[in-house]
Trainee: 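Quick one: this structure, given as structure tokens, is what I'll be asking you about.
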Amino acid sequence: MEAIILAAGYSSRANTYKMTLPLGKMTMIEHTVSKFEGICRRVIVVAGFQSEIIQAEIAKLGSKNAHSFQIQFVYNENFNQGMFSSIQKGCSELTEPTFFITPGDCPLVKKETIHLLEKQEGNVVIPSFNYKGGHPIKLSSEVKQKILETNPESNLRAVLGGFEKKYMNVDDPGVLMDVDTLEDYQKAIDYYKG
């Protein structure tokens, strides 16, 4: 399997570049990438805004984890067109039939949750906590094909609307915890310490 991590956005609501904010001994992007170790053969990190910072992080991570899985940096030159352009860029790099997709600012998902998702069949598998869908989502090659054929001005929700979704209830609040604001970041630190 492979994973696409979306790290191309402007972090505008956080007023700081959030991918490299520390959470314990690792940065947010390190946490997000590390969750796929031992599950995915390759993790594709799609960057855009301040991509050189992500590239440096990925180089550091790659040297630490060279043995276990491949981390690939991909630059989306159209990142200003929005998240869907980064999803398409990531999908164009995939070689495996099933893959995960997650924003880079979801560092608190439990590794066990990803293991559970990996075992589920279906075109669209979404983890949910308290009946709310979260990340990462697991998608099939059919979904990948549809993403690549869709107008770049569309969005993932529109694409997934054409597929049956399978929700998997998990005991993991981390699937809903993304860091969009500094307040979210503080909550993430508290949760991580807890």
Trainee: If you measure from CZ on Phe69 to CZ on Phe36, what distance do you get to the nearest 0.5 Å?
Mentor: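 The distance works out to 9.5 Å.
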Trainee: Closer than 3.5 angstrom, by distance alone: can the side chain of Glu2 be matched with the main-chain N or O of Glu96 as a donor-acceptor pair?
Mentor: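 Yes; at least one donor-acceptor contact below 3.5 Å.
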Trainee: If only atom types and distance count, is the side chain of Ser154 paired as donor or acceptor with the main-chain N or O of Thr150 below 3.5 Å?
Mentor: no
Trainee: Does Thr32 use its side chain to pair, donor to acceptor, with the backbone of Met28 at less than 3.5 Å?
Mentor: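 Judged by distance alone, yes, a pair lies under 3.5 Å.
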Trainee: Out of Ile54, Leu6, Val74, which residue meets the side-chain contact (heavy atoms from CB on, under 4.5 Å) rule with Val45?
Mentor: Ile54
Trainee: Distance from Lys146 atom NZ to Glu149 atom CD, nearest 0.5 Å?
Mentor: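 Between Lys146 NZ and Glu149 CD, I get 6.0 Å after rounding to 0.5 Å.
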Trainee: Please determine whether residues Tyr167 and Leu117 belong to a single hydrophobic cluster, defined as Ile, Leu, Val, Met, Phe, Trp and Tyr linked transitively by side-chain heavy-atom distances below 4.5 Å.
Mentor: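 Different hydrophobic clusters.
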Trainee: Can you list the residues that meet the salt bridge (Lys or Arg N to Asp or Glu O under 4.0 Å) rule with Glu183, with sequence neighbours excluded?
Mentor: none
Trainee: Can you tell me how far OH of Tyr75 sits from OG of Ser51, rounded to the nearest 0.5 angstrom?
Mentor: 5.0 Å
Trainee: Are Ser141 and Phe99 close enough that some pair of their side-chain heavy atoms sits under 4.5 Å apart?
Mentor: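 The answer is no; the side chains never approach within 4.5 Å.
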Trainee: Should Val159 and Asn155 count as side-chain neighbours, where that means a heavy-atom distance under 4.5 Å?
Mentor: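 Not touching, per the 4.5 Å side-chain cut-off.
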Trainee: Okay, side chain of Asn78, backbone of Gln81: is any donor-acceptor separation there less than 3.5 Å?
Mentor: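 Such a contact is absent between Asn78 side chain and Gln81 backbone.
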Trainee: Show the nearest heavy-atom pair for residues Phe73 and Ala47, with the distance to one decimal.
Mentor: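 The answer is CE1-CB, 3.5 Å.
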Trainee: Working to the nearest 0.5 angstrom, can you tell me the gap between Leu21 CG and His31 NE2?
Mentor: 11.0 Å
Trainee: Under the side chain to side chain donor-acceptor pair (under 3.5 Å) rule, collect the residues that match up with Asn76, sequence neighbours excluded.
Mentor: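 Checked Asn76 against side chain to side chain donor-acceptor pair (under 3.5 Å); matches are Ser85, Ser86.
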Trainee: Would Met168 and Leu116 count as a side-chain contact (heavy atoms from CB on, under 4.5 Å) here? Give the steps.
Mentor: CA-CA 9 Å; Met168 186 184 79; Leu116 289 169; 3.6 Å; yes
Trainee: What heavy-atom pair brings Asp105 and Met19 nearest, and what distance separates the two atoms?
Mentor: N-CE, 3.9 Å
Trainee: In the single-linkage hydrophobic clustering (I, L, V, M, F, W, Y; side-chain heavy atoms under 4.5 Å), do Val46 and Phe79 co-cluster?
Mentor: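 No.
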Trainee: Quick one: closest heavy-atom pair of Phe100 and Met1, and the distance?
Mentor: CE1-CE, 3.4 Å
Trainee: Show your reasoning for whether side-chain contact (heavy atoms from CB on, under 4.5 Å) applies to Glu142 and Phe163.
Mentor: CA-CA 9 Å; Glu142 283 174 60; Phe163 291 90; 4.2 Å; yes
Trainee: Hey, are Glu93 and Gln72 close enough side-chain-wise for a donor-acceptor pair under 3.5 Å?
Mentor: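 Looking only at side-chain atoms, Glu93 and Gln72 do form a donor-acceptor pair, the distance falling under 3.5 Å.
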Trainee: Establish whether Ile44 and Ile39 are linked, either directly or via other cluster members, by ILVMFWY side-chain heavy-atom contacts under 4.5 Å.
Mentor: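 The answer is no; the residues belong to distinct hydrophobic clusters.
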Trainee: Tell me every residue that passes salt bridge (Lys or Arg N to Asp or Glu O under 4.0 Å) with Lys144, counting only those two or more places apart in sequence or in another chain.
Mentor: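 For Lys144, no residue satisfies salt bridge (Lys or Arg N to Asp or Glu O under 4.0 Å) once neighbours in sequence are set aside.
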Trainee: Just list the side-chain donor-acceptor pairs under 3.5 Å for residues 186-194, sequence neighbours left out, or say none.
Mentor:
from   : atom 1 : to     : atom 2 : distance (Å)
Gln186 : NE2    : Asp190 : OD1    : 3.2

Trainee: Can you see which heavy atom on Ile147 is nearest to which on Phe84, and at what distance?
Mentor: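 So the two residues come closest at O-CZ, 3.8 Å.
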Trainee: Applying a strict under-4.5 Å side-chain criterion to I, L, V, M, F, W and Y, I'd like to know whether Val43 and Leu139 cluster together.
Mentor: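 No; Leu139 is not reachable from Val43 via cluster members.
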Trainee: Look at Lys18 together with Asp180 and state whether they make a salt bridge at an N to O cut-off of under 4.0 Å.
Mentor: yes
Trainee: Quick check for you: to the nearest 0.5 Å, what is the distance between Ile71 atom CD1 and Ser34 atom OG?
Mentor: 9.0 Å
Trainee: Counting only heavy atoms not in Glu153 (residues, nucleotides, ligands), do more than 12 fall under 6.0 Å from its CD?
Mentor: no
Trainee: Output yes when a side-chain donor or acceptor of Glu30 lies under 3.5 Å from a complementary backbone atom of Thr27, and no otherwise.
Mentor: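 At least one qualifying donor-acceptor pair exists.
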Trainee: Measure the CG-CD1 distance between Leu156 and Ile101 for me, rounded to the nearest 0.5 Å.
Mentor: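 It comes to 6.0 Å.
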Trainee: Anything under 3.5 Å between a donor and an acceptor, one on a side chain of residues 118-137, the other on a protein residue two or more places apart or in another chain? List them.
Mentor:
from   : atom 1 : to     : atom 2 : distance (Å)
Gln120 : OE1    : Lys166 : NZ     : 3.2
Asn123 : OD1    : Ser140 : OG     : 2.5
Ser128 : OG     : Asn169 : OD1    : 2.7

Trainee: In the structure I gave you, are the side-chain heavy atoms of Thr102 and Lys35 within less than 4.5 Å of one another anywhere?
Mentor: no
Trainee: Strictly distance-based, threshold 3.5 Å: is any side-chain N or O of Lys165 a donor or acceptor partner for the main-chain N or O of Leu160?
Mentor: yes
Trainee: What side-chain donor-acceptor pairs closer than 3.5 Å can you find for residues 106-115, not counting sequence neighbours?
Mentor:
from   : atom 1 : to     : atom 2 : distance (Å)
Lys110 : NZ     : Asp171 : O      : 2.8
Lys111 : NZ     : Glu37  : O      : 2.7
Thr113 : OG1    : Asp172 : OD2    : 2.6

